[in-house]
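In what follows, chains carry the letters A, B, and so on, assigned in the order in which the sequence lines appear, proteins first and then strands, with residues in each chain numbered from 1. From a predicted model like this one, the values you see are computed outputs, not experimental measurements.
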Amino acid sequence: MTVLGWLLIHALFVVAGGGLLASLGLVRSTARGALWALGPSYLAGVALVVLPLIALAVAGVTVSLATILVVGVLEAAGLFAFAAMRGEPGRATLPAVLGDLRAERVLVAVLAVGLVGCLLFAAASLTDAPIGWDAAHMWELKALALYHYDGVPDQVFTNVSALALFHLDYPLLQPMFEATIYHGLGHEAVQYVHVELWGLWAAALWTAAWLLAPGRRALTWLPFVVAIGVAGGAQNAPVLGNADMTAGLFVGLGALALGLWLEKRQTPHLVLGALFLAAGANGKKEGLVFAAAVALALVAVLLGLRAWRALGRLAVAGAGALVFIVPWLIYVRANDLPSGDTTPLSRMFSGSFLVDRADRLGPSIESTLGWLVDPLWSYAAPALLAAAVVCLVVRFARPVAVYYVTAVTVMICALLWMYWTGTFADLPSWLSVTGLRVTGTMAISSAFGVAQLVSSMLAARAAEEPPRPPVSDWLRVSEPAPVGSSQASAQRSPTS
Amino acid sequence: MSWLTFLLIAGGIVAAGFAAAVLLLGRADRGALRVAAGAVLALAAVAVAFPVAKTSVRNINGVRLDNRGTPPDEAKEKCVVDGGAGHIVPLIERLRADLPAKARYQVIGPPPIDAACLTTNMLPRVSVQAAGSSDWLVFTDGVPRGARARLVPGSLQRVTDKLAFGQVR
């Protein structure tokens with residue numbers, strides 16, 4: 001029964017997410033196309049099923065296995081019906097380009113196999129992991145309460161007198177996801193859930209690859225996905241059962257999808273970006289702030305471009321995302337749940353509060369930037385800065401470059417603001433405990449941003465330059481694609 | 001000086017891109033710089049990925065070896081032990097075995113561990129603070145004389161001299 005339940009709940013995620021991708025015209029109607037869309041379908045399905053469940057739970061609806069099934073099946077049925085009416089898939093389904101050199105294909109295979117191997121080994125290593133301190137006090141506590149009480153029991157969720165210290169205001173994406181898994185399994189599985197959290201990360205990397213691949217040579221984006229995928233920093237939260245990676249991967253994917261929308265202006269990317277940002281905002285309080293940073297950067301760039309129509313579409317997508325974000329915020333407000341470590345605005349701007357604490361800024365900057373140049377995050381953030389500088393100098397894809405750098409900079413500033421004004425008195429301890437995990441969103445967004453920028457930079461070359469001389473026979477793995485074929489046209493960048 | 005390291009890494013990549021454009025492509029115009037910098041970034045990512053992966057695999061293998069064979073209850077109890085209350089683990093295990101699901105219990109005596117960790121370990125049994133709304137009493141510092149009268153006769157179970165629990169009448 002456990003295996004059957006596991007299959008059922010994961011199939012539900014895949015079908016719901018697959019329905020969304022199909023309705024957006026993002027799935028090619030072949031077995032290979034459907035298989036390639038499996039990872040993104042799963043991740044989109046997690047967001048699509050869990051976010052409404054949060055809204056239902058805080059509205060007082062019982063969230064049992066039956067509720068989960070009804071929500072998932074209704075969503076899948078509606079979306080697939082829409083997809084059937086819609087007909088042809090959209091432009092975003094261009095095939096991936098592996099490259100026509102043998103060495104290139106070999107390197108792509110080595111990177112892909114290495115990444116998958118690392119992810120599988122890490123998953124197998126997490127099966128017996130204990131619950132970390134924060135998880136036991138916040139995430140697992142809420143997940144178990146959601147599972148055992150089919151909703152948000154007052155004894156846990158509004159028990160301010162006993163649990164005020166433990167961030168009752170933190171949002172519910174991860175606890176609800178874990179509770180959904182437990183409902184599928186038919187019992188709680190506090191150690192196995194680490195593997196599920198790691199599975200979200202694996203699905204996020206798959207989704208990033210799936211978003212980046214159409215029409216771009218694999219070697220122009222895959223190294224960045226692999227570099228962040230194997231980064232040691234990514235393991236921290238799943239090992240402990242924390243929600244930082246869950247929030248970070250959704251915000252990072254939201255940033256990537258919206259970055260692709262900025263480049264190509266294809267509606268499916270906008271919809272996915274809004275969905276992923278809404279999920280990220282429900283991942284953690286920092287996730288909400290970082291998702292807002294991405295949205296702010298995008299609005300700023302569109303304002304700079306005077307792209308009024310795009311701004312209008314973004315506003316509609318943003319309103320859709322807010323529908324999923326607001327329910328938990330209303331619940332927090334309605335139940336007067338305290339915020340554990342943030343200072344009220346009225347106190348921040350009264351007297352000399354900010355000036356008195358200015359000495360917290362230096363160590364906070366040192367710590368935050370220190371983690372971003374640590375190999376644990378694969379140097380993704382400085383790489384983004386370098387890619388953006390080149391884009392600005394050579395006047396290529398400047399809006400996209402400015403968007404990513406602004407988004408990550410606003411994230412860094414928001415984090416510094418939290419350290420500056422936060423109530424935690426022992427700043428060095430706070431920095432050492434939180435530094436690695438809260439910089440994850442910045443590193444992930446940076447890595448995906450570099451992948452998009454570099455693949456565009458290198459793809460543009462193919463369209464601009466005259467046809468390359470014939471490749472030596474010993475390097476070729478197949479006959480050259482005729483001019484006008486799908487492979488030849490796929491190598492042309494949509495930015496050129 | 002992490003900000004300097006940050007800028008040096010970024011500047012180094014840009015400089016390497018410029019050098020690659022000049023030395024390998026023979027020109028430093030926009031197109032050459034863009035392609036060269038893109039190639040430098042992609043190659044740098046490949047170069048970084050291998051040592052990073054090696055370290056990550058070593059670290060995650062350490063996690064595997066450290067936790068091999070940890071049973072689920074022990075995984076939950078880590079916060080109890082880390083919180084300096086390892087001595088109450090036997091009580092928690094007895095409570096989980098003997099209290100029915102969704103039972104309501106009241107802790108009598110000094111709380112041995114914070115409420116969040118205790119709740120995580122005890123769910124779906126939940127703690128209540130009002131005397132009249134509990135089904136069970138949990139004693140953490142001996143059984144007070146008056147409390148015995150509130151219990152179902154014969155239901156008091158002693159785990160240690162000070163740790164005990166019993167069912168409310």
> NZ of Lys54(B): more than 12 outside heavy atoms within 6.0 angstrom?
no
> Heavy-atom pairs under 4.5 Å with chain B - which of Ala383(A), Ala451(A), Cys391(A), Cys118(A) has more of them than the others?
Ala383(A)
> Based on non-hydrogen pairs under 4.5 Å, which of Leu65(B), Asp29(B), Val63(B) is most in contact with chain A?
Val63(B)
> Would you please go through residues 133-152 of chain B and name the residues with a non-hydrogen atom below 4.5 Å from one of chain A, in numerical order?
none
> Let me know if Leu165(A) has heavy atoms under 4.5 Å from chain B in its side chain, its backbone, both or neither.
neither
> Looking at every heavy atom in both Thr220(A) and Ser455(A), which two are closest together, and how far apart are they?
OG1-CB, 3.2 Å
> For Phe18(B), does the CZ atom have more than 12 heavy-atom neighbours from other residues, nucleotides or ligands under 6.0 Å away?
no
> Tell me which one of Val89(B), Asp82(B), Thr70(B) satisfies side-chain contact (heavy atoms from CB on, under 4.5 Å) with Glu77(B).
Val89(B)
> Which of the residues Glu188(A), His148(A), Arg395(A) is involved in the greatest number of heavy-atom pairs with chain B at under 4.5 angstrom?
His148(A)
> Heavy-atom distances under 4.5 Å only: say whether Ala380(A) touches chain B with side chain, backbone, both or neither.
neither
> Below 4.5 Å, heavy-atom pairs only: which of Ile60(B), Thr120(B), Thr119(B) has the largest tally toward chain A?
Ile60(B)
> Can you tell which part of Asp114(B) gets under 4.5 Å to a heavy atom of chain A, answering side chain, backbone, both or neither?
side chain
> Please look at Phe224(A) and chain B and tell me whether the side chain, the backbone, both or neither of the residue comes under 4.5 angstrom of a heavy atom of that chain.
both
> Given a strict heavy-atom distance threshold of 4.5 Å, which part of Leu111(A) is in contact with chain B: side chain, backbone, both, or neither?
side chain
> Checking Arg94(B) now: which residues fulfil salt bridge (charged side-chain N to carboxylate O under 4.0 Å, His left out) with it, not counting sequence neighbours?
Asp98(B)
> For the residue pair His137(A) and Phe166(A), categorise the inter-ring angle as parallel (less than 30°), tilted (30 to 60°) or perpendicular (more than 60°).
tilted
> Determine, step by step, whether Tyr149(A) and Gln155(A) satisfy the side-chain hydrogen bond (donor to acceptor under 3.5 Å, both in side chains) criterion, reporting the C-alpha distance in whole Å, the side-chain angles of both residues, the deciding distance to 0.1 Å, and the verdict.
CA-CA 10 Å; Tyr149(A) 285 86; Gln155(A) 297 97 322; 5.0 Å; no
> Only pairs of heavy atoms separated by less than 4.5 Å count here; which of Leu123(B), Ile13(B), Ile9(B), Leu7(B) has the most with chain A?
Leu123(B)
> Is the CG atom of Asp161(B) crowded by more than 12 outside heavy atoms at less than 6.0 Å?
no
> Checking Gln235(A) against chain B: side chain, backbone, both or neither under 4.5 Å from a heavy atom?
side chain
> Mind listing the closest non-hydrogen atom pair of Arg158(B) and Ala164(B) along with its distance?
CA-CB, 4.0 Å
> Is it the backbone or the side chain of Gln129(B) that comes under 4.5 Å from a heavy atom of chain A, or both, or neither?
side chain
> Between Val108(A) and Ala218(A), what is the shortest heavy-atom contact and its length?
CG2-CB, 3.9 Å
